[in-house]
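A quick note: this is a predicted structure, and the numbers were derived from the prediction, not measured.
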Amino acid sequence: MPSAEEHQQRQTDKGQSRARSQGQQEVTVTRQEVERFFLDYVSQKQIAEGDLPDLEEETDEVPLAKPEPSSDTEGEAPMPSHAQLARDVMERCIHLLSDRSLRVRLKVLDVLELCVTVLHPHGNHLLPMAHRVWPALVTRLISDDPLAVLRAFKVLCTLAQTCGDFLRQRFSKDVLPKLTSSLLSQAPVSAKAGPVYSHTLAFKLQLAVLQGLGSLCERLDMGESDLNKVADACLIYLSAKQPVKLQEAAQSVFLHLMHVDPDSTWLLLNEVCCPEGYDPPHASLRPVKLSGMGRPRNELTDNVLLLLQRLQQQEGTGPGTGTQEASPP
């Protein structure tokens, strides 16, 4: 019979061999985990760089189950993959609009503009995202670096192409007062500035706002009081003292206002410069008196006359012609 020492030695050897086998199993598991980690890392890196696998290969490996349409999109065609990706990217970028870095905010605004463009045909999905992004976008529009304001205004113009009803009241309340006051305060500066001013960021911001404000008013179908604010803020940019590009941009604003409210636009322009008199159709009526009648030429005259001519061409007949046709024989 083996002695007690031999028996104890055998037990010790068995314990050590068992420990070695367990250690080997642990090492094997650890290697598998490391391998899986690097495979996942490579896969995620490829996805981040846009190197997505072909759909045919995916379907051959594992058939993906089609997601059931949600209740809010029931009855609609499912969103394409690029639109779903744009919505997810937009959702994850919203919180970065308040980042401390100006470079990050500018990049996020560029990304948001692209996402809005992609989601343009899918209004039911774009509207909830516009609701979420609006507070942060307003902050960028009214209290940020001028370069960020310029980018944010581009995002706003892109949003207005689809979300007119959603933006109308919010734009009127949150953004329009700031834009009009900025235009009025910068007008004297640009009127006195030299050719170098056209290379400044302030000029680019003025130009972008004037070029987009008219189309915003038309797409959002703004009310009369808001249209009057826009017209008053842009009228001074019809001055010949302003840079030519700002004059042309201001003309574009009034051309859009003519489509929204031609009567008010005609009256405003004739209050500045009225090129002809209008006789009443009957002797019992008082003669028409406008503030622009008999005024000498000034820096606004040329652009106002040009706009009145365009308005007359748009209407097909001038107000004076209409009154003459209505006069009794």
Side-chain angles (χ1 to χ4, degrees), residues 176-177 179-195 197-198 202-203 205-281 286-325:
L176 184 59
L179 293 181
T180 53
S181 63
S182 176
L183 288 175
L184 291 172
S185 62
Q186 284 295 119
V189 179
S190 57
K192 298 178 181 179
Y197 183 74
S198 61
F203 171 83
L205 182 57
Q206 283 175 285
L207 183 62
V209 172
L210 288 172
Q211 288 176 340
L213 197 54
S215 60
L216 272 176
C217 292
E218 186 172 0
R219 287 170 180 166
L220 301 183
D221 195 17
M222 305 297 293
E224 183 178 356
S225 60
D226 292 328
L227 294 179
N228 291 336
K229 294 177 183 177
V230 172
D232 292 339
C234 297
L235 183 63
I236 193 172
Y237 286 93
L238 295 177
S239 170
K241 298 179 181 180
Q242 296 287 342
V244 177
K245 288 187 177 180
L246 295 184
Q247 295 182 46
E248 295 174 350
Q251 291 176 14
S252 70
V253 174
F254 284 95
L255 292 176
H256 283 285
L257 295 182
M258 291 176 187
H259 292 283
V260 181
D261 193 348
D263 294 336
S264 296
T265 306
W266 177 88
L267 181 60
L268 173 66
L269 295 175
N270 276 276
E271 291 288 339
V272 177
C273 175
C274 187
E276 56 183 309
Y278 300 102
D279 298 327
R286 295 182 179 181
V288 178
K289 293 183 179 181
L290 299 173
S291 301
M293 290 180 175
R295 278 191 177 183
R297 293 181 61 87
N298 54 36
E299 68 267 18
L300 300 175
T301 302
D302 291 338
N303 284 320
V304 170
L305 291 178
L306 178 62
L307 288 172
L308 287 173
Q309 183 180 3
R310 293 288 298 273
L311 180 59
Q312 185 174 357
Q313 294 174 355
Q314 175 182 312
E315 295 295 319
T317 178
T321 306
T323 55
Q324 292 174 3
E325 292 177 353

Asks: If you look at every heavy atom in Y197 and F203, which pair is closest and at what distance?
Replies: O-CB, 3.1 Å
Asks: So Q314 and R310, do their side chains get closer than 4.5 Å, heavy atoms only?
Replies: no
Asks: Any side-chain heavy atom of V230 sitting closer than 4.5 Å to one from M222?
Replies: no
Asks: Do any N or O atoms from the side chain of E218 and from the backbone of V260 form a donor-acceptor pair under 3.5 angstrom?
Replies: no
Asks: Counting C-beta onward and ignoring hydrogens, is there a side-chain heavy-atom pair between L210 and S252 closer than 4.5 Å?
Replies: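 They are not in side-chain contact.
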Asks: Please check if any side-chain donor atom of S225 sits under 3.5 Å from a side-chain acceptor atom of N228, or the reverse.
Replies: no
Asks: Considering only heavy atoms from C-beta outward, does the side chain of S198 approach that of K245 to under 4.5 Å?
Replies: no
Asks: With a 4.5 Å limit on heavy-atom distance, are the side chains of L311 and P262 in contact?
Replies: yes
Asks: Write down the atom of V304, the atom of L269, and the distance for their closest heavy-atom approach.
Replies: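 Looks like CG1-O, 3.5 Å.
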Asks: Answer whether the closest heavy-atom distance between the side chains of L268 and L257 falls below 4.5 Å.
Replies: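 No, side chains not in contact.
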Asks: Out of the candidates E248, Q206, Q186, Q251, only one should pair with Y237 under the side chain to side chain donor-acceptor pair (under 3.5 Å) rule; please name it.
Replies: Q206
Asks: If I take atom CG from residue N270 and atom CZ from residue R295, how far apart are they, to the nearest 0.5 angstrom?
Replies: 11.0 Å
